[in-house]
Amino acid sequence: MNFCSAGITFTLLSSRYYTSATSSDQALNLLHFLKLSITHQSPKLAQQTHARILALGLHQNPFLGTKLISAYSNFKNPTWARLVFDSVELKNVYLWNTLVNGYVKNGEYVEVFEFFKGMCRGDLFPDDYTLASLAKVAGETGDSAAGKLVHGRSIRSGFALDVVVSNSLMSMYGKCGSFGDVRKVFDEMPQRNVGSWNVLIAGYVGCGDHGLDEGMWKIVKCMQIDGVKPDGFTLSSLLPLCGVDGRKWPDYGREFHCYIVKSEMELNLDSDAHLGCCLIDMYSKSNRFVVARRVFDQMKSGNVYTWTAIINGYTENGASDEALNLFREMQVRDGIEPNRVSLVSVLPACNSHASLIGGKQIHGFAIRKLLNNDVSLCNALIDMYSKCGSLDLARRVFEDDSFVKDAISWSSMISGYGLHGRGNEAVSLYDKMVLEGVKPDGITLVGLLSACGRSGLVDEGLNIYSSAIKNYGIKPTVEICACVVDMLGRSGQLDQALEFIKNMPVQPGPSVWGALVTASVIHGNSTMQDLAYRYLIELEPENPSNFISLSNVYASSKQWDVVAKVRTMMKEKGLRKEPGCSWISVNRTTHCFHVADKAHPFSNSIHEMLENLIFVMKDAKCSYVEIPS
DNA sequence: ATAGGGTTAG
């Protein structure tokens with residue numbers, strides 16, 4: 001459509017019709033074409049009009065000059081914008097402001113303050129438009145000193161009374177991390193609009209852990225008392241806060257959705273689907289991905305962001321099949337090319353399927369699209385390769401110099417070694433990480449401690465635990481403590497594990513008691529087992545896995561009466577557990593196995609092989625082997 | 001007739 005309209009207008013442009021018009025009429029018409037070029041996103045039309053302007057000798061017309069600069073800036077061509085600016089002899093404040101704003105839009109922040117100086121050297125005074133742009137630059141670059149200068153100048157010149165200038169200043173303070181100043185500017189504003197409230201809310205969200213507390217709600221309430229209606233921007237700031245902690249904000253997400261529907265807000269306004277994405281994301285995060293899907297299906301036009309949001313929703317909810325299907329559909333049906341985020345979102349779907357081939361295809365795509373220098377993507381690849389069984393390929397991504405490794409890259413690789421039972425390598429990689437000056441975080445520690453636990457490296461693990469907490473200020477989380485309990489427990493030190501739980505710096509959660517349960521079952525300590533189960537079931541009375549595990553323990557010691565009791569209890573509570581299964585992909589076919597499953601055509605030979613393997617393992621004095629029934 | 005702020009999707 002764009003090209004078409006550009007073609008038609010060009011025909012008009014070069015027709016004889018214009019030759020008889022006066023020069024001011026011509027200028028007006030050319031201005032119109034420049035506007036069209038911007039609304040239709042046609043750089044070609046802008047260039048053609050520019051040629052016409054030059055041919056007709058209208059290039060000193062300030063209106064045309066300004067529009068040209070604005071058009072070229074919109075088409076990400078600040079160099080040409082600058083050339084136009086230089087060619088206009090009498091530069092007015094509009095021309096300056098448009099160029100400055102063009103630089104801002106294209107992220108050329110360094111130039112802006114130089115320009116500002118140049119502007120002040122002439123006879124021109126920076127006005128409210130200039131100040132708004134400057135404030136934005138200070139915010140984007142996090143330069144609070146510059147921001148304060150802009151603020152001072154705004155006050156002295158009286159432009160701080162302007163709503164947009166003050167909004168920009170607030171936004172600047174928010175980006176510089178001083179929420180107090182955001183609030184101060186807001187409170188002192190003589191008049192506010194919905195944008196002012198939005199900056200305040202965004203600043204409040206951005207300043208961290210206040211996100212969920214009362215203050216946020218007070219702001220939203222005050223906004224309504226003030227008679228300002230929340231708009232799409234407001235809601236897209238608020239929606240990400242919903243669904244994260246369902247306990248505090250039970251159904252606000254749904255209420256916001258209702259509000260959006262009632263006020264007839266468009267989910268994909270102006271081809272921007274941000275609001276729709278926020279809804280999809282919110283529903284996915286609150287485990288309501290059926291609703292998320294409905295929102296997705298109802299949106300008129302999907303773009304790469306909406307597709308990515310819904311794919312991400314499916315992967316996070318463990319629906320890998322659906323995620324992979326959608327990933328395909330997005331490309332085949334809608335012809336949308338996945339971006340960096342889409343790839344990062346879909347990769348975990350390969351993990352749970354152990355789909356090495358799918359993961360490799362995505363890796364190949366990333367290389368072709370030159371996306372493989374992105375940390376997040378490489379981290380996802382490391383994770384995918386190690387979870388799909390190929391530690392070597394994971395290591396190859398990790399060793400590649402084409403991306404800058406962060407703490408997550410190291411943690412992923414360390415966990416990979418852990419998953420493959422190579423605790424010693426995990427530990428030495430951790431040592432290297434520390435040596436290279438990369439600060440480990442809580443996630444690193446979880447990966448490393450579980451690696452130690454799996455490989456029986458108890459003393460190493462305990463040393464690492466205490467040194468990490470002391471030297472790197474890592475807060476011992478429940479997950480970390482659960483790893484320590486697991487480590488101690490698996491090695492048979494059940495009493496020490498219990499002692500650790502008693503003195504733990506955080507409240508022991510289900511994962512902690514679960515670790516103790518597993519350990520006591522392995523080591524046949526029924527006293528400890530009963531104690532751990534009691535806590536576990538008290539904490540998670542609705543989790544069917546706990547009851548199944550309890551019943552399995554009694555089943556293995558043939559205490560069928562207790563088994564029956566547990567099963568009845570589950571029935572009374574209405575708890576059901578999807579049976580777990582394992583699968584393996586051989587020659588692109590995935591074979592799935594449940595407990596005691598004899599359905600596979602080669603079941604007999606599989607079991608025969610399994611028994612051989614168990615025999616070999618027992619002979620090799622492997623610590624414990626679960627014998628399948 | 002010409003110019004400005006608010007979200008950036010894991």
Side-chain angles (χ1 to χ4, degrees), chain A residues 24-25 27-32 34-35 38 61-71 73 88 91-102 104-105 126-137 139-140 154 159 162-172 174-175 182 185-186 189 192-203 205-206 230-240 269 272-282 284-285 303-313 315-316 339-348 374-377 379-380 408:
Chain A
S24 123
D25 279 346
L28 267 176
N29 277 313
L30 293 166
L31 196 66
H32 178 65
L34 286 175
K35 281 184 200 163
I38 296 172
N61 181 311
F63 299 107
L64 290 174
T66 306
K67 226 7 160 210
L68 268 175
I69 294 173
S70 160
S73 305
V88 178
K91 298 175 179 43
N92 63 17
V93 70
Y94 289 98
L95 207 68
W96 277 98
N97 285 342
T98 313
L99 187 71
V100 165
N101 191 253
V104 177
K105 275 191 192 132
D127 64 5
D128 40 349
Y129 284 78
T130 328
L131 292 166
S133 291
L134 290 174
K136 188 174 163 70
V137 174
E140 293 298 332
S154 306
F159 287 121
D162 181 87
V163 187
V164 178
V165 171
S166 279
N167 289 354
S168 311
L169 288 169
M170 282 167 65
S171 168
M172 177 275 295
K175 291 206 167 95
V182 177
V185 176
F186 181 85
M189 282 171 80
R192 306 178 185 108
N193 62 11
V194 62
S196 324
W197 288 95
N198 288 342
V199 187
L200 184 72
I201 289 170
V205 174
D231 65 3
F233 285 106
T234 325
L235 287 157
S236 44
S237 288
L238 293 175
L239 279 171
L269 200 66
D272 177 9
H274 194 250
L275 192 50
C277 285
C278 287
L279 276 177
I280 294 174
D281 227 39
M282 181 274 293
S284 304
K285 288 216 170 73
N303 61 14
V304 65
Y305 299 114
T306 48
W307 279 96
T308 304
I310 191 73
I311 289 172
N312 189 50
T315 19
E316 289 204 334
N339 65 14
R340 200 173 59 80
V341 183
S342 326
L343 300 186
V344 178
S345 299
V346 80
L347 269 172
D374 178 71
V375 217
S376 323
L377 185 74
N379 295 345
I408 301 175

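None of the values given here were measured: they were computed from a predicted structure. Each chain gets a letter, A, B and so on, in the order its sequence line appears, and its residues count up from 1. Values reported hereafter were calculated over all heavy atoms of this structure, with side chains retained and with hydrogens, waters and symmetry mates removed.
Taking atom CG on L31(A) and atom P on dA3(B), their separation rounds to 8 Å, with Å as the unit. Rounded to a whole Å, the CD atom of E140(A) is 7 Å from the P atom of dG6(B). A straight line from CG of L343(A) to C1' of dA9(B) spans 15 Å, rounded to a whole angstrom. One interatomic measurement links the two molecules: CG of N61(A) to P of dA1(B), which rounds to 14 Å at whole-angstrom precision. Atom pair F186(A):CZ and dG6(B):P shows a separation of 16 Å (rounding to whole Å applied). Straight-line distance from the CD1 atom of I280(A) to the C1' atom of dG10(B): 14 Å, rounded to whole Å.
Listed here is the closest heavy atom pair of S70(A) and I38(A): OG-CD1, 3.8 Å.
Counting non-hydrogen atoms under 4.0 angstrom, A202(A) reaches the backbone sugars and phosphates but no base. Among the heavy atoms of the strands lying under 4.0 Å from T66(A) is at least one base atom, whether or not backbone atoms are also near. Residue T98(A) is classed as a sugar-phosphate contact, given heavy-atom separations below 4.0 Å to backbone atoms only. Note on S166(A): nothing from the nucleic acid sits closer than 4.0 angstrom, heavy atoms only. At a threshold of 4.0 angstrom between heavy atoms, the contacts of V344(A) include nucleobase atoms, whether or not backbone atoms are also involved. At the heavy-atom level, V165(A) lies under 4.0 Å from base atoms of the strands shown. Nucleic acid contact for D128(A): base, since at least one base atom lies under 4.0 Å from a heavy atom of the residue.
Phosphate contact (OP1/OP2 of dG4(B), side-chain N/O of N101(A), threshold under 4.0 Å): present. The phosphate of dA1(B) has neither OP1 nor OP2 within less than 4.0 Å of any side-chain N or O from K35(A).
Side-chain atoms of Y305(A) lie closest to dA9(B) of the nucleotides dA9(B), dT2(B), dG6(B). Distance from the side chain of V194(A) is smallest for dG6(B) among the nucleotides dG6(B), dA3(B), dG4(B). Distances from the side chain of N92(A) to the nucleotides dG10(B), dA3(B), dT2(B) place dT2(B) closest. When the nucleotides dG10(B), dG6(B), dA3(B) are ranked by their closest atom to the side chain of E316(A), dG10(B) comes out on top. Checking dG4(B), dA3(B), dG6(B) against the side-chain heavy atoms of K136(A) singles out dG6(B) as nearest. Closest to the side chain of D162(A), from the set dG4(B), dG10(B), dT2(B), is dG4(B). Considering only the side chain of C277(A), dA9(B) comes nearest among dG10(B), dT2(B), dA9(B). Residue N312(A) places its side chain closer to dG10(B) than to any other of dG6(B), dA3(B), dG10(B). Listed candidates were dG10(B), dA3(B), dG6(B). Nearest to the side chain of S171(A) is dG6(B).
Between K285(A) and E316(A) there is no salt bridge, since no side-chain N of the basic residue sits under 4.0 Å from a carboxylate O of the acidic one.
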Below 3.5 Å, can you tabulate the donor-acceptor pairs from side chains in residues 340-347 of chain A to any protein atom, sequence neighbours excluded?
{"from": "R340(A)", "atom 1": "NH1", "to": "D374(A)", "atom 2": "OD1", "distance (Å)": "3.0"}
{"from": "R340(A)", "atom 1": "NH1", "to": "D374(A)", "atom 2": "OD2", "distance (Å)": "3.1"}
{"from": "S342(A)", "atom 1": "OG", "to": "T308(A)", "atom 2": "OG1", "distance (Å)": "2.9"}
{"from": "S342(A)", "atom 1": "OG", "to": "N339(A)", "atom 2": "N", "distance (Å)": "2.9"}
{"from": "S342(A)", "atom 1": "OG", "to": "N339(A)", "atom 2": "O", "distance (Å)": "3.4"}
{"from": "S342(A)", "atom 1": "OG", "to": "N339(A)", "atom 2": "OD1", "distance (Å)": "2.8"}
{"from": "S345(A)", "atom 1": "OG", "to": "V341(A)", "atom 2": "O", "distance (Å)": "2.9"}

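Judged purely by atom type and a 3.5 angstrom limit, S196(A) uses its side chain to pair as donor or acceptor with the backbone of N193(A). In this structure a side-chain-to-backbone donor-acceptor pair under 3.5 Å is missing from N312(A) to T315(A).
With hydrogens and angles left out, the side chain of N193(A) and the base of dG6(B) share no donor-acceptor pair within 3.5 Å. Residue side chain S345(A) does not reach the base of dG10(B) through any donor-acceptor N/O pair under 3.5 Å, judged by distance alone.
Counted by atom type alone, D231(A) and T234(A) present one or more donor-acceptor pairs between their side chains at under 3.5 Å.
No aromatic stack links Y94(A) and the base of dA3(B), using centre distance under 5.5 Å and interplanar angle under 30°.
Looking at residues two or more places apart in sequence or on another chain, you find a side chain to side chain contact (heavy atoms under 4.5 Å, CB included) between A132(A) and V164(A), S168(A).
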